[in-house]
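So the structure is just underneath, and the comments pick up after that.
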Amino acid sequence: MSIYDALNPNQLEAVLHTEGPLLILAGAGSGKTRVLTHRIAYMIEEKGINPWNILAITFTNKAAAEMRERVDKIVGFGSEHIWVSTFHSSCVRILRRHIDKLGYDNNFTIYDGDDQKSVIKDVCKRLNIDTKIYKERSILSAISSAKDELTGPDELMLQSTGDYAKKRIAEAYKEYQNILRSNNALDFDDLIVKTVELFLHNPDILEYYQDRFRYIMVDEYQDTNTAQFKFVSLLASKYRNLCVVGDDDQSIYKFRGANIYNILNFEHEYPDAKVIKLEENYRSTKTILNAANGVIHQNRGRKDKTLWTANDQGDKIRFLQFNSEYEEAMGIVEDIAEKVKNKEAAHSDCAILYRTNAQSRVFEEKFVIKGIPYKIVGGQNFYQRKEIKDLLCYLKTIDNAQDDIAVKRIINVPKRGIGLTSMNKVDAYALSHELNFYDALKSAKDIPTLGKTADKISGFVNLIQVLRSKLEFISLPQLMQEILEETGYVKELEADGSEEALGRIENIDELVNKAIAYEDENENPTLSGFLEEVALVADIDSLDNANDKVVLMTLHSAKGLEFPYVYMGGMEDGLFPSYMTIIDDDAQELEEERRLCYVGITRAMKQLTLSCAKSRMIRGMTQSNAISRFIEEIPEELMEMNQVIERKKRGEKMIDTIKTRKPYETSSETLKSNSGPSSLNRRTVHKNSDFFNKPYSGVDAVTGNNQKTALEYGVGDTVRHIKFGIGEVINIIDGGKDYEVTVNFEKFGVKKMFAGFAKLQLI
DNA sequence: CAGCCATATCTTTTT
DNA sequence: GATATGGCTG
């Protein structure tokens, strides 16, 4: 009896195949982590491979920690020598040692999204870019995409001949890189790009790591981008022992540059690759799996496979329609409360998944009201909160005052009477004397226009210098305490006294605790080391099952996780699939949304509940959305639907529990769960209830105005669309609730859209 | 320079 | 609805 006996034949084959390229197509819940961990164990214990020579790359720190833990359990020794880490932290580790070869300082700082935004603002100011026309966001995302594809600023410039917008972006890109360079900072994308650059320019360094990492494994391979692919393939090119695991059906990060062809074309890139499919699912019931299959089979661009399971049929998929997002939240929260009350489930067995972070708010309210413990993952990361960033920027400034962004953030926090005009004067001085911002601050006395503010600035510089001089004598937590005391940061919050301020103080305490933990865990802790660790954590990393809490998160964050009871809220066209993918009419984007839906469904082990609201507030406007098209793609015999029961009396439960619920139809016959004739014939439902009607947006449910308004344009007219610009109307179809308008846009070609959504203007 | 109020724009997803 | 920006006042 060995640990490998528990594997199915395909899993075993993957475990035993240790030499040469290997592609494991692992469907959701098919035990890929088990395969990876056993494969590592097999390599170490049976093949005598040195753990030192193994690199395993995951997507999140959480996944990395889990994998290490599981390997640890089955391997007697040596698992601590395996490199298990994310792309980003692997690259940071390499760059910390060698980035001086690229002319950076080895204690570079890492910029997050907020920092990037500050930089790009500065860039736009310097280059006189009108941010009304070129949005900071879109410039940043263009830069990011370029980096994902390993395209540098000069190369982008060459590509931009004749395209003015692209040229401006290339200029911005160049300036952006200059600023990062002089701040000795890298953004997330740079971490990968610079490592690749390092390898390409320094064959000796590359070879060192090739020899070091003779066996490489990459998890979630479908979500790698071109730069990450290059990183991996450079490392693997000497020994070719590259094992990638992924599922093209779970590729949901195209917006972040993920290149699905990395997995689809793996066999092309490595013709000698062994391909193994894992199609047996151990996680979900037959019902859940069939629902997932029903949805994903609508996609065209995918590798053919069908997941199956030997598990029970299980409960039907529940579909609940509510009147509003408030009722939706209450309905789900009450359902969970009842499960817990009946001892059917623990809080932590339940997860609520949604498309957008904004949806978490209503749920949170209801959880607070009911006193149910919950945890929201994502949204604003702990390390992005104001108070945390402030404190971190103090630390950054003490550690490395080259980072202008950090210095500028804290120079007037708390208020020191150093305002925007003074900052601009310092900036101008810094620019003309080729100093970085902090060094310019040091010479504040030499800047004549500053007047009295020069003293205030000297005070600040003094504070930093004093703190820095203490750095070698005191511990990190002590340093943080000093900062808080010297600046009066906490005092100010205490004086405020509001609930919000107290929350901030709690957060600060938590950060101090993290610093204490960091010092405990590391042999030679450094300030830079702490800042680095903190820069690369994702919110999901903090999720642990030890706390009995209901988990709320986006569908994206949920990838790789599983829960007995899964609730997917907001199953509405316009929300999920998102409004963008609908009006864009881009089949590829819609397929990505569908994969996201597939990911969500396959998180569920025992029971899946889908829900939607007839109307909900989106960005301050009440919208009525049609039921998500993905609902229609689930075979109807797997579904059980509710009827919304209006609240008759105050205090009465808004909806019945599912057991006594009537089918959606207005007939009085009760649905006997899991049996009886298929009375939920979709066509009937459609006819009786507008159930699967097309969206009719632009309708204000508050005023009850759901009359479509007459269109001010007709076929042949020229109209303007916010995103697509100018185009000619070529067709209009009366869709009952709304008009479907077909427009031929000058720049974007033919698009079909609903008049209520599109808000076309006659010109 | 800071604080207040008006307004404009926004989000889809994140290491 | 929530946040970021701009203009105004003290």
Side-chain angles (χ1 to χ4, degrees), chain A residues 57-64 85-92 110-114 116-118 121 131-132 135-138 140-141 144 147-148 186-192 220 223-225 227-228 251-258 325 353-362 365 377-381 383-384 386 412-424 450-453 456 535-541 553-559 570 574-584 589-590 592-593 595-597 599-600 616-623 722-723:
Chain A
I57 297 179
T58 60
F59 242 69
T60 63
N61 297 300
K62 182 180 194 288
S85 68
T86 63
F87 274 105
H88 295 274
S89 35
S90 302
C91 288
V92 170
I110 300 166
Y111 275 180
D112 69 9
D114 290 337
Q116 290 178 288
K117 219 174 144 195
S118 310
K121 266 185 189 164
T131 52
K132 287 260 161 16
K135 295 257 160 39
E136 283 119 343
R137 273 184 55 84
S138 50
L140 269 179
S141 85
S144 178
K147 289 183 179 180
D148 289 341
L186 302 184
D187 64 20
F188 285 126
D189 300 317
D190 280 340
L191 296 177
I192 318 285
E220 306 284 11
D223 287 327
T224 53
N225 62 34
Q228 290 163 333
S251 163
I252 54 173
Y253 282 109
K254 192 174 164 218
F255 72 93
R256 201 168 74 186
E325 73 267 38
L353 310 180
Y354 35 76
R355 179 66 235 272
T356 65
N357 281 304
Q359 286 166 258
S360 66
R361 274 188 59 94
V362 209
E365 264 170 40
V377 174
Q380 214 195 16
N381 184 317
Y383 294 102
Q384 289 170 332
K386 270 193 211 77
N412 203 25
V413 176
K415 299 270 177 289
R416 295 189 175 86
I418 304 167
L420 201 66
T421 24
S422 305
M423 303 247 300
N424 285 336
L450 275 177
K452 272 189 286 182
T453 357
K456 296 173 183 165
L536 293 175
V537 297
D539 208 34
I540 193 84
D541 297 335
M553 67 183 114
T554 61
L555 290 153
H556 282 90
S557 305
K559 196 177 61 160
L575 191 59
F576 187 37
S578 94
Y579 166 71
M580 292 294 191
T581 52
I582 295 177
I583 61 155
D584 268 21
E589 280 184 46
L590 191 63
E592 175 138 326
E593 294 275 303
R595 290 193 291 270
L596 193 54
C597 184
V599 167
R616 75 168 64 228
M617 182 92 87
I618 295 173
R619 292 207 307 271
M621 297 245 296
T622 305
Q623 283 196 2
I722 303 173
K723 187 171 167 192

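Per chain, numbering begins at 1; letters A, B, ... match sequence-line order.
For A:Glu325 and C:dG1, the CD to P distance is 11 Å, given to the nearest whole Å. Atom P of nucleotide C:dG1 and atom CE of A:Met617 are separated by 5 Å, given to the nearest angstrom. In this structure, the CD1 atom of A:Ile192 is 13 Å from the P atom of B:dT15, given to the nearest Å. Remark: C1' of C:dA2 and CE of A:Met621 are 16 Å apart, rounded to the nearest angstrom. Taking atom CZ of A:Arg595 as the reference point, atom P of B:dT13 lies 18 Å away to the nearest angstrom. Rounded to an integer number of Å, the gap from CD1 of A:Ile252 to C1' of B:dT14 is 10 Å. Rounded to whole angstrom, the span from the CD atom of A:Gln384 across to the P atom of B:dT15 amounts to 9 Å. A straight line from CG of A:Leu420 to C1' of C:dC8 spans 16 Å, rounded to a whole angstrom.
At least one side-chain heavy atom of A:Asp223 sits less than 4.5 Å from a side-chain heavy atom of A:Ser251. The shortest distance between side-chain heavy atoms of A:Leu191 and A:Leu536 falls below 4.5 Å. Here the side chains of A:Leu186 and A:Tyr111 are not in contact, with every heavy-atom distance at 4.5 Å or above. Considering only heavy atoms from C-beta on, A:Leu575 comes within 4.5 Å of A:Arg616 through its side chain. Within the 4.5 Å cutoff, the side chain of A:Met621 has no heavy atoms near those of the A:Ile618 side chain.
Heavy-atom nearest nucleotides on DNA chain B were determined for A:Asn381 and for A:Met423, and the one closer to the 5' end corresponds to A:Met423. Mapping A:Ile540 and A:Lys135 onto DNA chain B via the closest heavy atom, the residue that lands nearer the 5' end is A:Lys135.
Residue A:Asn357 places none of its side-chain N or O atoms closer than 4.0 Å to OP1 or OP2 of B:dT11. For the pair A:Thr554 and B:dT14, the criterion of a side-chain N or O lying under 4.0 Å from OP1 or OP2 is met. A close approach under 4.0 Å does not occur between any side-chain nitrogen or oxygen of A:Ser557 and OP1 or OP2 of B:dT13. Contact annotation: A:Arg361 reaches the phosphate of C:dA2 (side-chain N/O to OP1 or OP2, under 4.0 Å). Note on A:Asn412: a side-chain N or O is less than 4.0 Å away from OP1 or OP2 of B:dA2. OP1 and OP2 of B:dT15 both lie 4.0 Å or more from every side-chain N or O belonging to A:Asn225. An OP1 or OP2 oxygen of B:dT11 is reached within less than 4.0 angstrom by a side-chain nitrogen or oxygen of A:Arg137. The phosphate of B:dT12 (OP1 or OP2) has a side-chain N or O of A:Arg619 nearer than 4.0 angstrom.
Heavy atoms of A:Lys121 sit under 4.0 angstrom from primed sugar atoms or phosphate atoms, though from no base atom. Here A:Phe87 lies out of heavy-atom contact (under 4.0 Å) with every strand. Here A:Glu592 lies out of heavy-atom contact (under 4.0 Å) with every strand. A:Asp189 comes within contact range of no nucleotide atom at all, as no heavy-atom separation falls under 4.0 Å. Residue A:Ile418 is classed as a sugar-phosphate contact, given heavy-atom separations below 4.0 Å to backbone atoms only. Within 4.0 Å (heavy atoms only), A:Ser422 reaches sugar-phosphate atoms of the nucleic acid but no base atom.
Using cut-offs of 30° and 60° on the angle between ring planes, the pair A:His556 and A:Tyr253 is tilted.
The same atom, P, is picked in B:dT13 and in C:dA4; the two are 15 Å apart, to the nearest Å.
Evaluation of A:Tyr253 against the base of B:dT13 yields no stacking contact (centre distance < 5.5 Å, interplanar angle < 30° required).
One N or O donor and one acceptor, one from the side chain of A:Arg355 and one from the base of B:dT13, sit under 3.5 Å apart.
Here B:dT14 is the nucleotide among B:dT14, B:dT12, C:dG1 with the atom lying nearest to any side-chain atom of A:Phe255.
One finds a salt bridge joining A:Lys147 and A:Asp190 here, because a Lys/Arg side-chain nitrogen approaches an Asp/Glu carboxylate oxygen to under 4.0 Å.
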